[in-house]
Amino acid sequence: MDNDSPGLQEVSNEESFEDLNQPDYQSLVYLYFADNEAAQQLATTLELHHHEVICFDDADELQSAIIVRAPQALVVDVDSPAGEIARKKVGNRIIGNCPVIYVSAIDDFMQRLAAVREGAEGYFLKPLDADALSARIDEKIARNEVMAYRILVVDDDEMLASYYEAILSSAGMHVKSINDPVEVLDALKKFKPELVLTDLNMPVCNGLEMAQIIRQNNRYLDIPIVFLSSETQNEMLAIETGADDFLSKPIDPEKLISTIASRAERYRNLRKQR
């Protein structure tokens, strides 16, 4: 009997773990420049190197954007009053834990020392060698990918989905959220998550039903599914349906991060052994 869901092909024996887990998305890079023209020129070059680039010139907007959707790397032009504000936020760890690279026209030992102490992982001089900068960004992203689990969040409440996405992104995870469970098969195929975090109660298709649909496909028999619900009486039913864990709302952010990281790491190790 064919257990595959319609529209999805079964994984061939030749497909490796790396092939299955190669996501179809571009790495997200934020540029913080006071000079908009320079930022746009750099963005154009980085996009040619398969980066998704968003430019900012306001430190508060940058900080808010990082909370909502953390980038894989942040490039900051520090040669301006606005740049000084941003580097203080970096140094005080107000801006998240993504790799930060400084850009400056000042080639000075003390400036470089300050950058190191502030946590910057690169210091590039103007005029910029955009190709070299792109290579450094790729290097830093690749180094961080080791722990950057890919998490799919499914919740019909957009505010809650964004909240969970922000928490997990702040821990260095790659997160994609969808608000309609009907989209889950497409998201699984394109994003290739290492864990699905889902609400239990959703219209049209509830979390239990969605979990069963996911398990119909042999490719996703062992992908971790973690439920979130305020209805703890459904915990055993969720586990019997194929859930790997059940978290009660309201959930402590640290508990959410530790549970998701533990389950995703276990799944990643299992796939590597095959």
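Since we're looking at a predicted model, the values are computed, not measured.
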Roughly how far, to the nearest 0.5 Å, is [atom2] of [Y] from [atom1] of [X]?
X: Asp131; Y: Leu46; atom1: CG; atom2: CG; answer: 9.0 Å
X: Asn201; Y: Phe227; atom1: CG; atom2: CZ; answer: 10.0 Å
X: Leu247; Y: Ile260; atom1: CG; atom2: CD1; answer: 6.0 Å
X: Ile251; Y: Leu160; atom1: CD1; atom2: CG; answer: 12.5 Å
X: Met202; Y: Met210; atom1: CE; atom2: CE; answer: 4.5 Å
X: Ser27; Y: His49; atom1: OG; atom2: NE2; answer: 11.5 Å

Take Tyr123 and Ile106 through the side chain to side chain contact (heavy atoms under 4.5 Å, CB included) test and state the conclusion after the steps.
CA-CA 10 Å; Tyr123 192 98; Ile106 302 173; 4.2 Å; yes
Please find the pair of heavy atoms, one from [X] and one from [Y], that lie closest to each other, and give the distance.
X: Leu200; Y: Phe246; result: CD2-CE1, 4.3 Å
X: Ala86; Y: Val76; result: CB-CG1, 3.9 Å
X: Pro193; Y: Leu188; result: CG-CD2, 3.6 Å
X: Val154; Y: Pro181; result: CG1-CA, 4.1 Å
X: Glu121; Y: Pro99; result: OE2-CA, 3.6 Å
X: Ile213; Y: Cys205; result: CD1-SG, 4.3 Å

Under a 3.5 Å cutoff, is there a donor and acceptor pairing between the side chains of [X] and [Y]?
X: Tyr102; Y: Gln111; answer: no
X: Gln72; Y: His51; answer: no
X: Tyr267; Y: Arg263; answer: no

[X]-[Y] co-clustered via ILVMFWY side chain contacts under 4.5 Å:
X: Leu28; Y: Leu48; value: no
X: Ile85; Y: Ile66; value: no
X: Tyr32; Y: Leu125; value: yes
X: Val182; Y: Ile214; value: no
X: Leu152; Y: Leu221; value: no

Could you tell me whether Lys126 atom NZ has more than 12 heavy atoms of other residues or ligands within 6.0 Å of it?
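Counting other residues, nucleotides and ligands, NZ of Lys126 exceeds 12 neighbours.
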Is it true that a side-chain atom of [X] and a backbone atom of [Y] form a donor plus acceptor pair closer than 3.5 Å?
X: Asp156; Y: Asn179; value: no
X: Ser258; Y: Lys255; value: yes
X: Arg150; Y: Leu195; value: no
X: Thr44; Y: Gln40; value: yes
X: Glu265; Y: Ser262; value: no
X: Tyr149; Y: Leu168; value: no

Take the angle between the ring planes of Phe56 and Tyr30 and call it parallel below 30°, perpendicular above 60°, tilted in between.
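Phe56 and Tyr30: perpendicular rings.
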Criterion side chain to side chain contact (heavy atoms under 4.5 Å, CB included) on Asp199 and Asp157, from CA distance to verdict:
CA-CA 9 Å; Asp199 188 23; Asp157 187 320; over 6 Å; no
Passing candidate, side chain to side chain contact (heavy atoms under 4.5 Å, CB included) with Val29, options Ile54, Ile101, Leu133, Val75:
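Going through the options one by one, the only one that passes is Val75.
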